[in-house]
Structures are given as C-alpha cells and as structure tokens.
2 protein chains.
Amino acid sequence: MDVTDHQPMHSAGCMRVSKLLSRIGDKWTVLVIMLLRGQSRRFSDLKRGVDGISQRMLTLTLRNLERDGLVTRTVTPSIPPRVDYELTELGHSLAAPIQALGAWAFEHMDRIDAAQATYDEKENAASSPRSGIP
Amino acid sequence: MDVTDHQPMHSAGCMRVSKLLSRIGDKWTVLVIMLLRGQSRRFSDLKRGVDGISQRMLTLTLRNLERDGLVTRTVTPSIPPRVDYELTELGHSLAAPIQALGAWAFEHMDRIDAAQATYDEKENAASSPRSGIP
DNA sequence: CGGCATCCAATCGGATACTG
DNA sequence: CAGTATCCGATTGGATGCCG
C-alpha cells in the first residue's frame, strides 16, 4: 500500500495517526519540539522558553519524547549539574509535518475564530429567548 | 512574516499550533475527519465507521468540528430523522496536513516502537536489581 | 540545577437511561 | 435515528516539598 494514495488510511492506519496525535497533541509536546529545532537546549532553558509549563510537565514531556526516540538527553555531571536535550533525526523529521500543520493553523485561525464566534452567537440566540422576544 | 520560513514560529505562533493540536489531538477527531474525506456521512454511519466511539463522544466531536467550521451539519426532518455531516472546504484543507502527519506516523512507527522497547528495557533493567544481581 | 514523589482539582470519556 | 442528561471512573496537569 502506498501512503501517498488519496485514500490510504484504513481503520488501522487511522488508529496510528490518532495515537500519534494523542501523543504530540498534549498540552506541551509541540511547544518543546518547536523550541528544540535548530539548537539543543538545557532543562532550565526549555522551562524559561515554554512559559507556563510546570517543572513536572516539562520532565514528563521530555521523558515521553525521549522514550519515543525523538529527543536525546545528555547529562553533564558538573556542579551544578547540566542536562541538555536535542532533537534526534527522527525528531527533526517529525518537526516538518508539524510545521505544516502549524502553517495551516496560522493561515486559517481567523476563519476558525470567526466560525466559532458565529456558532457561539447562534448558541446564545437559541438558549436566551425566554419569551420568544429577548 | 512568511510562515514558510525555517523558523517562523515564535511563542505566539507555537501556542496556536499547540491549541490546534489539542483540539484535533483528542481521542476521536482525526478518525472522524478521515472518515469524512470524499463523502458526507450520516450520524449512525460515522458511529459504525469509527469503531469504539460512544454516542456521546461522537456527538461532542462533531459539535466541536462544526463550531470550528470544519464540518457542516445537515438535518433532514424525515421519519426517522436523518442528519448528514460533511467536511467544509476548510475541513478538507486541514485534512491534507493531517494526512502528512499520518504518512509520517505510518513511515516511522516501527522506529518509534523500537525506541520505546529499548527505553522500557533499560527502565526495567534499572529498577529490577534488588541486590545488585537479579 | 534537574528531577522525583505526593497530593489534589479539573477535565475527559464511557455506560446508561431518557426524549423528540 | 439522533441526540440530551446524568453519573462515575480514569486521566491530566498544577502546586508543593524533598533530594542529589
């Protein structure tokens, strides 16, 4: 089977996509991957860069990425200790399609916002009228 | 700014990507989108097609997609009632980058599985030894 | 500095029952 | 058929404190 076909995703294939997206679709993974493009960064650097992430979640996110073979973890036992994270080749290859999705989001977010606004407006219009004429 | 640049995602841009991925990265959204490529489908058709989804979650998923302007909902007030869902143009344009991500997942899942296996092996090897020589 | 353990609140999602 | 409403368990993620 050729994944470049127009309808290549049968049930099993979709499951995998869904699974991948569940993994990278969590709250922080994408942000970390984006920060790691081009340069390796140490833990505290990432913590400062992501803005809002807790230490716990950064650790968990990096552990998962490491487990998936998407980042490498390099410990330098100095004082104070230093740990650097870097995208693997696999990680970099994933960054490309993520980037594509990012470009799409960037390009269409106004339309999405508009659609949401319209939808919510109708929502409120439907629930508000207590006597038919609000 | 050109989103096709090599480093186009600043903090704000990344947030949007993350937000988009959080939306489509839930348990069912991608599967529904994939099923809707090419043909519109009615509710029970989707329910049968997704396999494992509850009625509740299918409804919620479709509502969110509708709110984002990615699918249209068409009610035919017959008996029994009939509701068809169809990807909008915006929805179809999103299907493309998702497909790219799917292709990536399909292409690299063996390497990810291998990386996970290796990682878990080392994990167990590190936690097992109760007296140094298990 | 980097990270683990614990506790806890919020959200997610499945099962079930009921409605137009 | 296509939902809505409710209940409840599972998962997520933040805050905090301790450790090497």
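Labels below follow one simple rule: chain letters A, B, ... track the order of the sequence lines, proteins then strands, and each chain is numbered from 1.
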Let me know the distance between [atom1] of [X] and [atom2] of [N], rounded to the nearest Å.
X	N	atom1	atom2	value
A:Asp84	C:dC1	CG	P	14 Å
B:Leu60	D:dT4	CG	P	9 Å
B:Arg82	D:dC1	CZ	P	12 Å
A:Tyr85	C:dC1	OH	C1'	11 Å
A:Arg63	C:dA5	CZ	P	11 Å
B:Arg73	D:dC1	CZ	P	16 Å
B:Lys47	D:dC1	NZ	C1'	12 Å
A:Leu58	D:dT12	CG	P	17 Å

> Which letters describe nucleotides 14-20 of chain C, given B = protein heavy atom under 4.0 Å from base, S = only from sugar-phosphate, - = neither?
Replying inline: BB----B
Think [X] has a side-chain N or O under 4.0 angstrom from the OP1 or OP2 of [N]?
X	N	value
A:Ser44	C:dG2	yes
B:Ser78	D:dC1	no
A:Arg42	C:dC1	no

>> Let's go through B:Leu101 and A:Leu94 carefully: what are the C-alpha distance in whole Å and the side-chain angles of both, what is the deciding distance for side chain to side chain contact (heavy atoms under 4.5 Å, CB included) to 0.1 Å, and is it a yes or a no?
In response: CA-CA 8 Å; B:Leu101 215 54; A:Leu94 173 58; 4.1 Å; yes
On a heavy-atom basis, which atom in [X] and which in [Y] lie closest, and how many Å separate them?
X	Y	result
B:Thr72	B:Thr88	CG2-CG2, 3.4 Å
B:Ile33	B:Leu87	O-CD2, 4.1 Å
B:Pro81	B:Arg42	O-NH2, 3.7 Å

> Any salt bridge between B:Arg41 and B:Asp84, counting N to O under 4.0 Å?
Replying inline: no
> Considering only heavy atoms from C-beta outward, does the side chain of B:Glu123 approach that of A:Arg67 to under 4.5 Å?
Replying inline: no
> Okay, side chain of A:Asp26, backbone of A:Trp28: is any donor-acceptor separation there less than 3.5 Å?
Replying inline: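 Checking the backbone N and O of A:Trp28 against the side chain of A:Asp26, a donor-acceptor pair under 3.5 Å is found.
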